[in-house]
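The figures here come from the full heavy-atom set of this structure, side chains too, leaving out hydrogens, waters and symmetry mates. Numbering of ligands and ligand atoms starts at 1, following listing order. The residues of the chain are indexed from 1 along the displayed sequence.
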Amino acid sequence: MSKGINSLLQKKKKGERIVSLTAYDCPTARLEEDAGIDFILVGDSIAMAVFGEETTLTADMDVMIAHTRAVRRGAPGTLVIGDMPFGSYECSDPQAVMNAARFLSEGGADAVKLEGGNSRIVSRVRAIIDSGIPVMGHVGLLPQSIRRTGGYKVIYSDMKESLFREALALQEAGVFAMVIEGVEEKLAGQLTEELAVPTIGIGAGRFTDGQILVVSDMLGMSGAFRPKFLKVYANLGSEISRALSEYAEEVRGGLFPLEEHVYHAREDK
Ligand code: KIV
């Protein structure tokens, strides 16, 4: 049984910082559970991190559900949140409820996340929560809206009014926590103080209640992608490259497999 959504609120109340990461597969989710990560987001960042796309816009429901299921298998005891992909909640409240329900019934998620806080999104959030599904909000830089906003633009204090209005409307609608992405540190800190629900920052500075990173970015598997907010904790990309080259060299040089790697007929044992 995974931890519930209330565990995040408890942490905020106790002043304990919330630690989260994305995951897209079972082995990574298992490692994250072993490391005691507080919640795992199966992000629509999968489109870029796993499928090599330019944006998150091409993630679709079937892909998200399959990967959520894999993450759930790897992390049965961790809060798992499915990220609703672009196009899965734009049309209507019933469409949003139907797709959110798939994350729980087919993917095994505990909750879903939606981007944005305008009146249309608030209506979707209310409808999903009304159907018994917990929702995490997401304000600030919204990667699913880059075609409208013209790119990945950090939110500064000139946008304070709309940022706070949307975040408060989401809280009022009943979200249990909120991602704050790409926001000037001071503003994200003020918003965190204003909100009763926990805030989870990415590129939002030090004063949010928790932090989230894309797991492949922080493990050094995203090549030259090094935004200012990212800290790379391991260089798995170069370690994997080294192992692949060594394998290729050994196979070509007749150094793999060796005697210790082969099966012989039973009588030879
Ligand atoms: O898709 C994702 O990985 C996200 C995080 C950046 C919060 O939404």
Ligand 1 contact on Thr22 by region, counting heavy-atom pairs under 4.0 Å: side chain
What side-chain hydrogen bond (donor to acceptor under 3.5 Å, both in side chains) pairs are there with at least one residue in residues 159-168, not counting sequence neighbours? Lys160-Gln190, Glu161-Arg165
Of all protein heavy atoms, the one nearest atom 5 (C) of ligand 1 is Leu41 CD2, 3.8 Å
Looking at atom 8 (O) of ligand 1, what's its closest protein heavy atom, distance included? Lys113 NZ, 3.1 Å
Considering the heavy atoms of Asp83, write down every atom of ligand 1 situated less than 4.0 Å from one of them. 1 (O), 2 (C), 8 (O)
Among Val215, Asp44, Val42, which residue places a heavy atom closest to atom 1 (O) of ligand 1? Asp44
Need the ligand 1 atom indices (1-based, order shown) with element for anything under 4.0 Å from a heavy-atom of Ile202. 6 (C)
Atom indices of ligand 1 within 4.0 angstrom of His138 heavy atoms, with elements: 8 (O)
Could you tell me the residue and atom name of the protein heavy atom closest to atom 2 (C) of ligand 1, and the distance to it rounded to 0.1 Å? Ser45 OG, 3.2 Å
Side chain, backbone, both or neither: which part of Glu115 has a heavy atom under 4.0 Å from ligand 1? neither
Mind telling me whether His261 and Phe256 have parallel, tilted or perpendicular rings, with 30° and 60° as the class edges? tilted
Verify the distance criterion only: is there a donor paired with an acceptor across the side chains of Asp209 and Thr192 at less than 3.5 Å? no
If we ignore hydrogens and angles and just use 3.5 Å, is the side chain of Glu184 paired with the main-chain N or O of Val154 as donor and acceptor? no
Would you mind checking if Glu185 and Arg206 are paired as a salt bridge, meaning a charged N to carboxylate O distance below 4.0 Å? yes
side-chain hydrogen bond (donor to acceptor under 3.5 Å, both in side chains) pairs, two or more places apart, involving residues 48-60: none
Which of the numbered atoms in ligand 1 are below 4.0 angstrom from a heavy atom of Gly43? 1 (O), 2 (C), 3 (O)
Check whether the side chains of Tyr152 and Glu181 place a donor and an acceptor atom closer than 3.5 Å, and report yes or no. no
